[in-house]
Amino acid sequence: MITVFFQQTLNGVILGSLYMLVALGLSLIFGILEVVNFAHGEFYMVAAFLTLFIMVKLGVPFLVAMLAAMLVMAVFGIIVERVVFRPIVGKPMINGMLVSFGLSTFLMNLALLLFKADPRKIDSGFAHITITFLGLRVTLERLLALILGVFLVVLLYHFIHNTKTGKAMRAVAQDRIAAQLTGVNVFRIYAITFAVGSVLASAAGAMVGAIFLVAPDMGWTVVLKSFIVVILGGFGSIKGVVFASLIIGLVESLGGGYISYAYKDAYPFLLLVLAFLLRPEGLMGGSKS
Amino acid sequence: MNRAVKWIGGVVLVVLVLYLPRLFSLEYYLHIFIMAAINAILALSLGLIIGFAGQVSLCHAAFYGVGAYASALMGLHFGLSFWVTLWFGGLLAGLLAFALGQLVLRLKGHFLAITTAFFGVLVTVVLNNWVDLTKGPMGLPGIPRPMSGSFIGLNFTFESRAEYYYLAILFVVMVSYMVYRIVNSRIGKALIAIRENEELAQSIGIDTMRYKLFAFALGSAFAGIAGAFYAHYILFISPVTFTIGESINILVMVIFGGMTTLTGPILGAVILTILPEFLRLAGALRLVIYGLALMVFIVWMPLGIVGTLKEFLSQRTTRSRTA
């Protein structure tokens, strides 16, 4: 009984680390470009398909394919920023939402057209290796998702806080014009932000494709949950996002296991309502509006 | 001169709208026109919330669905007439919006949009899973048609599309009139003040929360009425009609037409109901093209059709004045 609880908790943490990777990118893009990117989930979907095809066509191992997909998606992110998002920066927020919704519809249906609706699975080769630890069983694949999540978040934290580019990113997030005045190339920062966001989403997409499934419509629900993570975490805060994604992962896993699996997509919303009632300013305090 | 043009244009429009079922007697065309009218109600009411009060709601389709389900279930289980359940559909949607608004309308901008989007998802999840009530993804079949009746000597039986068409037009006219009256009243001025600068509005004594709630609840109630009409017209409803994708479709109609006008959302709804029908020829490519067109449109015409046209005309007049 207690083992089941810990098992569900572990699953929740792993799920949370996947949401975290998507939410971090969203939070960065949101903080720096002030755009809600509904298409972020589609970046994650495209990356999952890319990983799958690189593995199948080139016959390389999973991790190599994932890395290659991450690189390709970084370039993809830069192109998308330049072509789609830069023209609407500074315009009313609805424009940003609709542009990204258009991009999302475009990518999802293009994938549907090219790859058809039937879900596929990435065979990472790690799914059959099970590790037993204190009575908890976890596949190496799931453990890898957790390790990758922790590794990337530490890397991102270091990048944002200790490098010159990271400092410039924070400066643009705080005040675009002031940053520009001190000589920060804002457009370069936008491009880098999108590249970083795409890379993080790609890692999550590849892992989800291996643990769960790859399908053209996989991005849509994850992006909404990641938005909730961003709101709960209070944006601009990496710690907040990490904390909130763990909560969402746990709530979904434990709620799905103990209350009702059918309603698992509804729990994050209920959590959000609860958070508004208790802490209107966001879980981690101070939110910029 | 300008006034005369407006009058003649208005008369031509009225005659055209009334004569349309004769011009296009094919059931298929009439169906598209009826859907355009339903979408016009949805776009108008969302325009009130977004365009005038400045509150971005991404769950309009959820209230559309609540109205549809409420009215259909009352008709199916209690045998009540559409003319009664219609108002309950609107009332329930409005009350739900009022309750939700209390919670979420203190949020601003992106946060409000995302929260309402997730509320839309919640409603879809409930519609899909509360099988005892909604029959889940299977949907509700066999919704009764509106009871036949006579009106100024004309008998309506609601067996033909033309009758639904005229009823839909009546709804559009009524909702337009109400929104028009609201927008041109003190309430409308207060709403615009809130849209432009909420803090400033509050500082001059406008109870911003009350006005925001009013616009949100009333707009959502109109969506509920549109939903009731839809349910008793199609005679079958299922959760797929009321997803967040539909909410965004309605939003696109509002933006496409121009959100700070009344004609904009109606025009947007009509064009964006008819245009995608041509895209059916493109088959599977349809939504790919739609997504691409949406991106191009927003980047090139951020003010919408009516807004862009107005700006173009005002530029021309100022230019001719200075010349």
Side-chain angles (χ1 to χ4, degrees), chain A residues 26 30 34-36 38-39 42 83-88 91-114 116 220-221 223-228 230-231 235 260-273 276-277 280 282 287 289, chain B residues 50-51 54 56 58 100 102-104 106-126 128-131 136 198 243-245 247-249 251-252 254-256 259 283-304:
Chain A
L26 268 180
F30 187 25
E34 286 182 30
V35 161
V36 165
F38 276 119
E42 272 59 47
V83 177
V84 181
F85 286 97
R86 199 173 295 175
I88 52 100
K91 296 266 166 58
M93 57 165 274
I94 302 180
N95 294 25
M97 283 185 178
L98 289 183
V99 149
S100 68
F101 180 71
L103 180 64
S104 160
T105 311
F106 173 71
L107 289 175
M108 192 199 297
N109 288 287
L110 198 63
L112 205 60
L113 199 67
L114 295 176
K116 304 290 174 278
W220 194 216
T221 46
V223 82
L224 278 175
K225 281 177 201 159
S226 304
F227 276 131
I228 296 222
V230 174
I231 294 177
F235 77 108
S260 155
Y261 186 75
Y263 281 95
K264 75 177 169 61
D265 285 340
Y267 300 139
F269 180 79
L270 298 179
L271 198 68
L272 193 64
V273 169
F276 285 150
L277 289 174
S287 69
S289 74
Chain B
I50 292 187
V56 178
L58 286 183
L100 179 71
Q102 297 272 13
L103 269 179
V104 303
R106 62 183 131 163
L107 299 172
K108 291 197 176 65
H110 297 99
F111 292 92
L112 177 65
I114 300 302
T115 312
T116 50
F118 219 84
F119 176 76
V121 174
L122 180 74
V123 168
T124 315
V125 169
V126 172
N128 270 315
N129 288 296
W130 195 353
V131 179
E198 197 170 333
T243 55
I244 179 169
S247 289
I248 291 176
N249 267 341
L251 179 62
V252 173
V254 177
I255 306 294
F256 185 81
M259 64 173 180
L285 262 174
R286 195 170 78 101
L287 284 167
V288 179
I289 298 173
Y290 175 80
L292 206 60
L294 182 57
M295 280 190 279
V296 171
F297 176 77
I298 295 293
V299 169
W300 286 39
M301 261 174 132
L303 290 174

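Convention: sequence-line order gives letters A, B, ...; per-chain numbering from 1.
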Asks: Quick check for you: to the nearest 0.5 Å, what is the distance between F119(B) atom CZ and L272(A) atom CG?
Replies: 12.5 Å

Asks: Out of curiosity, L26(A) CG to I114(B) CD1, how far, rounded to the nearest 0.5 Å?
Replies: 8.5 Å

Asks: Is Y290(B) close to chain A through its backbone or its side chain, or both, or neither, when contacts mean heavy atoms under 4.5 Å?
Replies: side chain

Asks: Which atoms of L103(A) are under 4.5 Å from chain B, going by heavy atoms: the side chain, the backbone, both sets, or neither?
Replies: both

Asks: What residues form a side chain to side chain donor-acceptor pair (under 3.5 Å) with T105(A), not counting sequence neighbours?
Replies: none

Asks: Can you sort out the partners of L294(B) under side-chain contact (heavy atoms from CB on, under 4.5 Å), two or more places apart, ordered by chain and number?
Replies: F101(A), V252(B), I298(B)

Asks: Rounded to the nearest 0.5 Å, what's the gap from CE on M295(B) to CZ on F106(A)? Could you check?
Replies: 5.5 Å

Asks: Looking at K225(A) and F118(B), what are the two nearest heavy atoms and their distance?
Replies: N-CE1, 3.9 Å

Asks: For V288(B), is it the side chain, the backbone, both, or neither that has a heavy atom closer than 4.5 Å to a heavy atom of chain A?
Replies: both

Asks: Based on non-hydrogen pairs under 4.5 Å, which of L292(B), V125(B), N129(B) is most in contact with chain A?
Replies: N129(B)

Asks: Tell me, for L287(B) versus chain A, whether the close heavy atoms (under 4.5 Å) come from the side chain, the backbone, both or neither.
Replies: both

Asks: When rounded to the nearest 0.5 angstrom, what distance separates OG1 in T221(A) from CD1 in I244(B)?
Replies: 11.0 Å

Asks: So which of T115(B), I50(B), L100(B), L58(B) has the largest heavy-atom pair count under 4.5 angstrom toward chain A?
Replies: T115(B)

Asks: Less than 4.5 Å to any heavy atom of chain B: does that hold for the side chain of L110(A), its backbone, both, or neither?
Replies: both

Asks: What part of F38(A) gets within 4.5 angstrom of chain B, counting heavy atoms only: side chain, backbone, both, or neither?
Replies: side chain

Asks: Shorter than 4.5 Å, heavy atoms on both sides: which option in T124(B), I255(B), L285(B), N128(B) has the most such pairs with chain A?
Replies: I255(B)

Asks: Measuring only between side-chain heavy atoms, which start at C-beta, is V84(A) closer than 4.5 Å to V299(B)?
Replies: no

Asks: Less than 4.5 Å to any heavy atom of chain A: does that hold for the side chain of V296(B), its backbone, both, or neither?
Replies: neither

Asks: Quick check: do L98(A) and I248(B) have side-chain heavy atoms less than 4.5 Å from each other?
Replies: yes

Asks: With only heavy atoms counted, which part of M97(A) is less than 4.5 Å from chain B, the side chain, the backbone, both or neither?
Replies: side chain

Asks: Rounded to the nearest 0.5 Å, how far does CG of L270(A) lie from CG of L122(B)?
Replies: 6.0 Å

Asks: For E34(A) and H110(B), work out which heavy atoms get closest and say how close.
Replies: O-NE2, 3.7 Å

Asks: Just how far is it from atom CD1 of I94(A) to atom CG of L251(B), taken to the nearest 0.5 Å?
Replies: 5.5 Å

